[in-house]
Amino acid sequence: MTQRQVYLDHNSTTPLHPEVAKTLTEAMTVFGNPSSMHAFGRQAKGMVNEARERVASFIGALPEEVIFVGSGSEGNNTVLSILGCAATGCSCDRVHKPHIVTTAIEHPCILETSKCLTGRGSKVTYLGVDEYGKIDLKELRDSITEQTGVVSVMMANNEIGTLQDVREAARIAHEKGALFHTDAVQAFGKIPINVHDLGVDFLTASAHKIYGPKGVGALYVRRGVQFCPLIHGGHQERGRRAGTENTLGIVGMGKSVEMRSLEMADEAARITSLRQTLKAGIEERIPDVWFNGHPTDTLQSTLNVSFAGAEGESILLYLDLEGIAVSTGSACASGSLDPSHVLMATGMPVERAHGSIRMSLGRGNTMQDVEYVLDKLPGIISRIREMSTVYGRK
Amino acid sequence: MQDYVYFDNSATTPLDPRVVDTMQPFLSGFFGNPSSLHGMGREARQSVENARRQVAGMLRVDPEEIVFTGSGTESDNMALCGSVGAVDTNCHIITSAIEHPAILETCRYLQQRGVDVSYLPVDSVGLVDPASLETVIRPTTRLVSVMAANNVVGTLQPIRELAHIAHQHGAFFHTDAVQAAGKVPVDVRTTQADLVSLSAHKIHGPKGVGALYVRKGVSLTPFIHGGGQEHGLRSATENVAGIVGFGEAARIAQETMSEEAARLVGLRDRLIEGLQSVFPNVYLIGHRYLRLPGHICIGFAGQEGEAIKMLLALDEAGIAVSTGSACSASHAHEPSYILLAMGFDPIRARGSLRITLGRFNTDDEVNRFLQVMRDIFPTLRRLTSYSL
């Protein structure tokens, strides 16, 4: 008997869309270097440009405003490094503004880059969040000074799904003379994004969160905005990201974006109903649970829940034995014993943060999957709680 | 593209069918994030670690010393920026005048940050003289970076001697082995390099994945910050399919290297001699023997201005070659900085043709190339501004 496999970890990574897989398989024979002048090169270049147009039109940008990068992390590092080089005497425009404003709940790639930049002479302000994971726009306004080069606020949080008011945050940043970046890795392809409507200067996206390949992302850089590359070398990506283009990955990203534009709207409704059923079922069948994140301003695919008296890691491993894949916090931080920095920033007690799991739904999930999880999860939680030295003895 | 002859294997290479087969499962069922704790994550982790062993095998190093990156260019950037670290002043690095732009542009950037950079000259065949390193190395030299094989002229550098000198003076040695690895031995036990850049797509692996060998005990500052993947040096969800493809490409390259090198040297030399016997004004650029097995770089005395025209005519005839590196193709009309560094005058430095053979090239293709060259050569006009 083969065990049912239920993948509820789409915020970590997603399976390739079958159409993307098909495109990739076909594109494997196209091997030219897009920088080559001959027919092989021109063919590859054409495919890269087509993908660029798709990604650009998906977010309302111009093709030349889209830079393909190696990952969402690289995109985010690139934006912040503009300040990093400024702090050490680059000719870049932002040289006199070495202050960054970001939030306490960003992805580690923003937080760690910020930490590194602090060591290089930059100053970083981390905005706190309320119990739902929302930043305070007034606090944002107050924290921006004349020294602020860039404000970076993620669109949707990877752990709890909370959506920020990016449009308003960008407006405030601009009003006070700072550039605005949003890490849209989790939001891209799940909710509609238009860079002009949002008024952002930089936006980061990743392919493997939207049923595309790993190893490729995109960075939107508004036309006319000062830019310094992170990776130096050849003239690829208009001199903004050196390295032979990951043609296959880029073509895959183009295809995954195309499929998102076709499927996103219908799927959102379906995912919303799956999440409602999952949430209601947990609430009904398991006592002492808390749902983390914002009740309405959230990615419908993300459900973060804390269980009293049960460690997130234990729940994850027991679920894994039943063929159900979930995560505790983000995949990047797995293996770490520290409680989630996102949950801690929302002000919850350490024990509750330790007892949380993240379930993230995707296009492959069905109502049967949700029922299967609701069938297995209560028993697992009771078993863990029975072994607990703290649960029920309060 | 069926009937095309692809003689531009230094720009990039077609995927080996075995690499395609290895990558295929990762385009369907296997999609886990290697950092995930659940079964799918662990499966992906195992695949990445297996590939790491295969790539390590190419250099004969410990798998733990391999860091996967997004490209050879990124590996070069990581090696240089990571060695310099956060302290830019009182830091000296040495490289050669004919490095890939990934090194030279990064050096220029580091110079802006206050790092002192020396560029070693090369002789007329593109060789760095180890004695020249002795004269510029100093106590503040943190890193010496010299490529193992040049991408445009194919010359192999004496990296073992250069590494030895660097170490004697307390500096680390990095080599950009993007063109050399998998084609000639780049055994780190022999060369003693501390840092080695590799790329998958030059050895019939996928684009978008490279690696940096970092000797145990060499501490680099992270290049991409975040979740802490790849020993914290290169954070980001791993490009699992690309990495697995790289592993298989490395395995094949390593296993077939000696016989493949012999075959390519045979094809290469026949092509060079064939050209020279038909066109007396053809001259080989770079070293006659200290060069990559499948690498040919030629000039046409008196017809240097025609290189682009020749490339396009060959392209028309279904044969892909290049003038210089693909990375500088958009500057094809400018003289090559590499040839200038080799002492070519600006006119001669503009007119080289690079013909690079690889695993899937055959004897017949060499014959066809020679025939096509005979056909198109008479159509090229003599460059009048240059006298022999």
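Letters go in sequence order (proteins before strands), and every chain restarts at 1. These figures come from a predicted structure and were not determined experimentally. Quick note: numbers below take in every heavy atom, side chains included, and nothing from hydrogens, waters or symmetry partners.
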Sort out for me which of Thr12(B), Asp76(B), Ile224(B) touches chain A most, counting heavy-atom pairs under 4.5 Å.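 Top count of heavy-atom pairs under 4.5 Å with chain A: Ile224(B).
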For chain A, the option from Glu316(B), Glu238(B), Met78(B) that forms the most heavy-atom pairs under 4.5 Å: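 Most heavy-atom pairs within the cutoff with chain A belong to Glu238(B).
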Give, as side chain, backbone, both or neither, the part of [X] having an atom under 4.5 angstrom from any heavy atom of chain B.
X: Thr14(A); value: backbone
X: Asp320(A); value: side chain
X: Val326(A); value: backbone

Taking C-beta and beyond as the side chain, do [X] and [Y] meet within less than 4.5 Å on heavy atoms?
X: Asn33(B); Y: Asp9(A); result: no
X: Phe31(A); Y: Lys207(B); result: yes
X: Met37(A); Y: Ile308(B); result: yes
X: Leu27(B); Y: Thr25(A); result: yes
X: Leu230(A); Y: Phe223(B); result: yes
X: Leu37(B); Y: Glu313(A); result: yes

Of all of Cys116(A), Ala21(A), Gly249(A), which one pairs up most often with chain B through heavy atoms under 4.5 Å apart?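 Top option by heavy-atom pairs under 4.5 Å: Cys116(A).
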Over 60° means perpendicular and under 30° means parallel, so classify the ring planes of His38(A) and Tyr6(B), tilted if in between.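 Perpendicular.
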Lys214(A) side chain to Gly242(B) backbone, donor-acceptor under 3.5 Å: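 Side chain of Lys214(A) to backbone of Gly242(B), a donor-acceptor pair under 3.5 Å: no, none is there.
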Contact class of Arg108(B) relative to chain A, heavy atoms under 4.5 angstrom: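 It is neither, since no heavy atom gets under 4.5 Å.
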